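One structure is given below, encoded as structure tokens.
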Amino acid sequence: MHGASVPQGEFHLIDAIRKRATLRADVTLGIGDDAALLRLPADHELVVTTDTLNIGVHFLAGAAPADLGWKALAVNLSDLAAMGALPAWCTLALSLPQADADWLDAFLDGFFELAQRHDVALVGGDITRGPLSITVTAHGFLPEGRALRRDGARVEDDVWITGTLGDASAALALQGRAGAWASADDLLRRLHRPTPRITVGLVLRGLAHACIDVSDGLLADLGHVCAASAVGAEIAIAQLPASDALTGLHDGEARWALQLAGGDDYELCFTAAVADREAVRHALASVQTPGTIVGRIIAGDAVRALTPDGEAWTAPRTGYMHFAAAT
Ligand code: ADP
Ligand code: MG
């Protein structure tokens, strides 16, 4: 259907996309027909996820198109990583205010840079006219029954986090004030070019009891794991991993708020048995990814953050507002 399609150049744009798309042996039919034909390996489950980025909601009007291309795919690959899936294919649905071939080319630079890194083939999509909006659907696969789900956390599990937390939300607060801090570039890169933790998801299969990617903030996302698993959790704030760029800018409660309630870091939060600590450390080292134990699963239904003095701490409203206002 083309009722709302970009009036001129729609097929020209699709052609530009098709020319840059790389294929894989398991793509029987990619861009160009009514639908794609894809071959799933035997004894594997198909893992499917989709996420949309909207102008004014998920990014600002001045965002660099290449960054948008990267991020639109990255947030989807991060969901596959959190399931322990190996990415394979994706589709791209674009709503564009006009048929701007230069904008599209720059967008595809970032999109395909990440796609090629993970051998993900773009196999179809759609282009319509409307406010700038980007929807990616990503497909991966997993040996049957091996998915890292949210509902497997067990009481006494360690709670682990990869990498560092708080950089992306600190970067949001910096936008428009770039140049004021030497460390701003590092933080902005975390916001605009998040790294999906694909290899981590793969090595955590059979090791992690539950896993989620941190897109909405650690408290919120660990809360989803706890709700699905019917358990509670305690986070030791003093253990939360922070980058040098973040600690150079924010201290104390302001930093805690960014690390616990800020989103967009796309690290993996997972739980694993205490007895498997060394195995987890070994698995993370094998994919050159730092990991930190930040708390434990307890009986109950709440996620509590404990200060270095052992007191329960609630993120001040400013911590949430900072992030909410800027997204
Ligand atoms: P239809 O009207 O049958 O949906 P389209 O004209 O929308 O066909 O698309 C033609 C082909 O181009 C299809 O294979 C579709 O998947 C592909 N395509 C359209 N837009 C995109 C896009 N943004 N990215 C990748 N492939 C696309
Ligand atoms: Mg179509």
Side-chain angles (χ1 to χ4, degrees), residues 1-41 46-81 85-141 192-194 196 198 266:
M1 286 295 297
H2 299 292
S5 292
V6 178
Q8 285 179 350
E10 179 198 355
F11 294 104
H12 179 68
L13 294 180
I14 293 175
D15 219 43
I17 295 173
R18 190 187 50 74
K19 282 204 180 93
R20 294 187 62 175
T22 49
L23 290 183
R24 291 167 46 111
D26 52 13
V27 179
T28 307
L29 192 58
I31 295 171
D33 212 308
D34 293 312
L37 297 176
L38 309 166
R39 284 191 305 279
L40 196 62
L46 179 64
V47 187
V48 181
T49 185
T50 196
D51 259 310
T52 296
L53 299 185
N54 284 331
I55 191 162
V57 181
H58 303 97
F59 60 92
L60 303 174
D67 286 342
L68 290 180
W70 175 287
K71 188 160 180 176
L73 181 58
V75 299
N76 280 279
L77 296 187
S78 178
D79 282 322
L80 293 184
L86 184 67
W89 316 299
C90 66
T91 59
L92 170 64
L94 291 170
S95 163
L96 304 176
Q98 70 245 341
D100 183 340
D102 290 339
W103 184 94
L104 181 65
D105 216 39
F107 174 90
L108 294 176
D109 285 345
F111 188 91
F112 284 125
E113 185 183 345
L114 182 61
Q116 273 148 27
R117 220 172 261 202
H118 296 284
D119 193 22
V120 172
L122 177 62
V123 298
D126 200 21
I127 302 185
T128 55
R129 182 179 210 167
L132 184 56
S133 173
I134 305 149
T135 299
V136 172
T137 301
H139 310 75
F141 30 82
H192 296 311
R193 297 258 174 162
I198 296 294
Y266 298 98

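Atoms within a ligand are numbered from 1 in the order they appear, just like the ligands themselves. What you see is a predicted model; the values in this text were computed from it and never measured.
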**Study point:** Numbering as shown, the atoms of ligand 1 that approach D34 to under 4.0 Å (heavy-atom distance)
**Key:**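 Listed by number with element: 3 (O).
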**Study point:** Numbering as shown, the atoms of ligand 1 that approach F11 to under 4.0 Å (heavy-atom distance)
**Key:**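 Listed by number with element, the hits are 6 (O).
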Check your understanding: Does an N or O from L94, backbone or side chain, lie closer than 3.5 Å to an N or O of ligand 1?
Key -> no
Revision key, fill the gap. d(L73 CG, D51 CG) to nearest 0.5 Å is 11.0 Å
Practice item. With rounding to the nearest 0.5 Å, note down the distance linking OG1 in T28 to CZ in R39. Key: 3.5 Å
Study note, to complete from the structure: The option among G32, A36, G125, G30 carrying the non-hydrogen atom nearest to atom 11 (C) of ligand 1 is G32
Could you see which bit of [X] sits under 4.0 Å from ligand 1, with heavy atoms only: side chain, backbone, both or neither?
X: D33; value: backbone
X: I17; value: side chain
X: I14; value: side chain

Counting distance only, does the side-chain N/O of [X] pair as donor-acceptor with the main-chain N or O of [Y] below 3.5 Å?
X: D79; Y: T49; value: no
X: T135; Y: T52; value: no
X: R18; Y: G32; value: no

Please list, one pair per line, the donor and acceptor atoms closer than 3.5 Å that link side chains of residues 102-109 to other protein atoms, with sequence neighbours excluded.
from, atom 1, to, atom 2, distance (Å)
D105, OD1, R20, NH1, 3.1
D109, OD1, R20, NH1, 3.1
D109, OD1, R20, NH2, 2.8

